[in-house]
Amino acid sequence: MSASELLELSAVAAVKALAAGELRPSEMFDVYRVHAGADKLNCFTWVAPAQPAAPQPETPLGGVPLAVKDLFCTKDVPSQSGSRILEGYLPPYTATAVKRLQAAGAPLLAKTNQDEFAMGSSNENSAYGPVLNPWDQKRVPGGSSGGSAAAVAAGLAPWALGTDTGGSIRQPAALCGIVGMKPTYGAVSRYGMIAFASSLDQAGPLTRDVSDAALMLRHMVGRDECDATSLAFPHEIALPSAESLAGVRLGVPEELTGEGIEAGVLAAFNASLQQAERLGATIEQVRLPHAPHALSAYYVIAPAEASSNLARFDGVRYGLRVDADDLEGMYTQTRHDGFGAEVKRRIMLGTYALSSGYYDAFYGRAQRVRTKIVEDFRAVYERVDFVVTPTSPTVAFELGAKTGDPLAMYLNDFCTVPMSLAGIPAISIPCGLSGAEQGLGPGGRGLPVGLQLAGPAFSENALLDAAYALEQTIGFDSTPARP
Ligand code: GLN
């Protein structure tokens, strides 16, 4: 098999080729290692310097290399969460999700660039520089799993692991024209993930197609005694095969499909809904009355948890230490030099929200809004199987366009944060292009738009099936991102 044929294989196709002996694992790893090493998009913070120990030939993933977001601890490999404060940090252990994928036969190819501590929607908050979108290098890939999304879209890795706290898998997947899935909260162990907001953080796949997402997820889920919030997944994740959507009821929430969503994004979204109808789905309008308050609740809860999680970076235990005259000076100077502006903003917001006297007014109230959002979804799922929305209100925007306006940046997650607060699974698939009128994107044909499908907790198999059926009819062409 030629290198260019190899690079075109989806992960599922590569597993088959490896099992059939058409391809050797070492050959596949080396082609990707060289390819990733020549990356011009700044997707990676580390690329494997050598072959891993040969994977067992009988492993289910057979040696398909894996790119992993920087915030997963990987034994003796830099794990910096996009932050200066963890520069050069080599963990003594590997995160459970990565360990399981490695055990299933997916060796570590590279660590991917990300927003610092996963705070951001454009990858511009990384201490290691921004990542460029392979569809248009003047534009952001989305975030915070921007390196993972850009690497998969550009074909620099067969697939990648990311994390999603409020949209960080789904939104970059949408902006880069690939598939991204956030599983049910607790489906995948968080052990070894450098924490941002523990009640929201979930690991999940960023892949070229829906089948690859299912395959990766199958080997990640399950109870882990090192994470008390992890759960035994009730059944095996199956590879999707549905060809129709007959009997599937899709709910379109008016709160997430109106104001604030770009016209071109809505047009691509609506065209996909018509395709879903032709596949047999029924579409109804539904209400998520509290969804418009999700961002406000999220920006209290997530910073509150972050302010607590990030207290451990004190210059004593990990990474950077900046010396000063006394202990307190050392703490202060280390955190001053080690954290970027957005991380400091979140620590201050979170500390304020949790301070005595304000705790109930902010944190307590945000938690009550969160419960309302959970109840909204519960009511909707009595009538429909899945909620569908655009993933991101806009296509990929230009580098620097929103860095001066944190609130504009936060609005990127308008459609993804409600599902995070509710802990339910959601997948983004590419559903078309937008911006041809303005001549955006390769050949002026537009930039990718993502469609989000969200289901009740543990509905992953049904969700993957529906996404797969839709993906087959949409037939999105991702080749413009792989020059
Ligand atoms: N963009 C959101 C934030 O900045 C979500 C990030 C994420 O999901 N990790 O918090």
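All ligand and atom numbering here is 1-based and tracks the order in the structure. FYI, side chains are in, hydrogens and waters are out, and symmetry mates aren't considered; it's all heavy atoms of this structure. Just so it is clear, the model here is predicted, and its values are computed rather than measured.
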Throw together a table of side-chain donor-acceptor distances under 3.5 angstrom for residues 396-404, partners on residues two or more places apart or in other chains.
residue: Thr403; atom: OG1; partner: Gly400; partner atom: O; Å: 3.2

- Task: Begin with the C-alpha distance, continue with both residues' side-chain angles, and end with the deciding distance and a verdict on ring pair (Phe, Tyr, Trp, His ring centres under 6.0 Å) for Phe313 and Phe117.
- Result: CA-CA 12 Å; Phe313 301 108; Phe117 290 107; 5.1 Å; yes
- Task: Under the ring-ring contact (aromatic ring centres under 6.0 Å, His included) rule, collect the residues that match up with Tyr358, sequence neighbours excluded.
- Result: Tyr352, Phe362
- Item | Worked check of side chain to side chain donor-acceptor pair (under 3.5 Å) between Gln137 and Asn133 | CA-CA 5 Å; Gln137 299 193 13; Asn133 189 316; over 6 Å; no
- Query: Partners of Phe72 by ring-ring contact (aromatic ring centres under 6.0 Å, His included), sequence neighbours excluded?
  - Reply: none
- Message: One pair to check against side chain to side chain donor-acceptor pair (under 3.5 Å): Asn113 and Ser126. What are the steps and the verdict?
- Response: CA-CA 7 Å; Asn113 201 344; Ser126 169; 2.7 Å; yes
- Mind jotting down which protein residues get a heavy-atom contact under 4.0 Å with ligand 1? Chain and number order, please. Ala118, Met119, Gly120, Ser121, Ser144, Asp164, Thr165, Gly166, Gly167, Ser168, Phe196, Tyr298, Tyr299, Arg346, Asp413
